Protein chains: 2
Amino acid sequence: MTSMDRPFSRVLDRLKDAGLRPTRQRLALAKLLAEAGDCHMTAEQLHAQSQGAGIRVSLATVYNTLHQFTEAGILREIVVDAGRSYFDTNVSDHHHFFFEDSSQLQDIDGASVTISSLPQAPEGTSVKRVDVVIRVKQD
Amino acid sequence: MTSMDRPFSRVLDRLKDAGLRPTRQRLALAKLLAEAGDCHMTAEQLHAQSQGAGIRVSLATVYNTLHQFTEAGILREIVVDAGRSYFDTNVSDHHHFFFEDSSQLQDIDGASVTISSLPQAPEGTSVKRVDVVIRVKQD
DNA sequence: ATAGTTGCAAAAGTTTTGCATTGTA
DNA sequence: TACAATGCAAAACTTTTGCAACTAT
């Protein structure tokens, strides 16, 4: 996989498809996310990185942008920890280890988890996603 | 199952085992949770119910108590929604549907979900719990 | 008495919203 | 110019913490 294949290299197209203007802030945040590679980032972390890179953007805008990217399918939001959202740059089929001691996430390839039986979605609803979180602790 | 078998009927023993004193607030909150039966309650909801029942207790104490009960194994904390924790009175082996439209949880019996392959826990860690959340949306 | 516990006001976080500003056609 | 979209300050939430008050020996 070359860097050209990474989701964020197509970010301009993605933003266009989602009806989002390619503003300075969005492009800068998308670039940071692309450079970070596969990762699980909080809004706070991305905001800090932005400041470090000399990009002036408010935390509110970071949140709004992360949610817009999530809507557009460029990111996936993961909630495993009370009062903190993670945004995952890996949007392919996969699951997560959650290290409760350090509050860190680690990807598990989708092929490593086999769910051989699941109940049907309740009448009138359809499954949007199945999340498997393996919570682990230091011995 | 009679009401005497429900976890909260043993709350006095449970509190004792956990080294928690049976204070007025704890007993009142435990009683409300027991009466509610199997449910997924937020701290805010439990606090509202307490007020409704004429129990004077602060929201902070509700949070502290819910966490203490969770530590004691009387409750399980479920995090599926950004910025909101649910406390589940059902601590048996089970999973959840999450209705994204209404932010409601519904139990799935453990036997209804079969995971036939899972990766090993990373070196030096052990699995504390495997959470499966089926996210559904209204058609 | 006193050592340990508890409950809550106040503080600390996180996330969302309202609206002036900006950008586009 | 008009119209919609954007970015951020301020507001709204949720959750945690520090410490005065309380409890059980």
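Not measured: the values here are computed from a predicted model.
Of all the residues in residues 44-52 of chain A, A:E44 reach under 4.0 Å from DNA chain C with at least one non-hydrogen atom.
Per the geometry, CG belonging to A:N64 stands 9 Å off C1' belonging to C:dT15, to the nearest Å. Rounded to whole Å, atom P of C:dT6 lies 12 Å from atom CG of B:L27. Here the C1' atom of nucleotide C:dT15 and the CG atom of A:D81 are 15 Å apart, to the nearest Å. One atom, OH of B:Y63, and another, P of C:dA10, lie 19 Å apart when rounded to the nearest Å. B:Q68 places its CD atom 13 Å from the C1' atom of C:dC8, with the value rounded to the nearest Å. Nucleotide C:dG4 holds its C1' atom 13 Å from the CG atom of B:L20, rounded to whole Å. Between the CZ atom of B:R26 and the P atom of C:dC8 there is a distance of 11 Å, given to the nearest Å. Between B:Q25 atom CD and C:dT6 atom C1' there is a gap of 8 Å when expressed in whole angstrom units.
Taking only side-chain nitrogens and oxygens, B:T23 never comes nearer than 4.0 Å to OP1 or OP2 of C:dT6. Residue A:S85 has a polar side-chain atom (N or O) positioned under 4.0 Å from OP1 or OP2 of C:dT15.
Under the 3.5 Å distance criterion, the side-chain polar atoms of A:T89 are matched with a main-chain donor or acceptor of A:G37. Listed for the B:H40 side chain is no donor-acceptor partner under 3.5 Å among the backbone atoms of B:I78.
B:R56 and B:Q51 share no side-chain donor-acceptor pair at under 3.5 Å. There is a side-chain donor-acceptor pair under 3.5 Å between A:D107 and A:H96.
Counting non-hydrogen atoms of other residues, nucleotides and ligands closer than 6.0 Å to CD of A:E71 gives a total of 12 or fewer. Heavy atoms of other residues, nucleotides or ligands lying less than 6.0 angstrom from CD of B:E77 number more than 12.
Positionally, the nearest nucleotide of DNA chain C for B:G19 lies more toward the 5' end than for the other of B:G19 and B:A82. Between A:T42 and A:R21, the residue anchored nearer the 5' end of DNA chain C, judged by the nucleotide with its closest heavy atom, is A:T42. Of the residues near DNA chain D, A:P22 and B:T61, the one whose nearest nucleotide (by heavy atom distance) lies more toward the 5' end is A:P22.
Of the candidates C:dC8, C:dT16, C:dG7, the closest approach to any side-chain atom of A:A60 belongs to C:dT16.
From A:F87, atom CZ reaches atom CG of A:L33 across 10.0 Å, with rounding to the nearest 0.5 Å.
Side-chain contact between B:S103 and B:Y86 is present, with at least one heavy-atom pair separated by less than 4.5 Å.
Taking 4.0 Å as the cut-off between side-chain N and carboxylate O, A:D101 and A:K137 do not count as a salt-bridged pair.
Taking 4.0 Å as the cutoff to heavy atoms of chain A, we find the contact window on DNA chain D bounded by D:dA5 to D:dA9.
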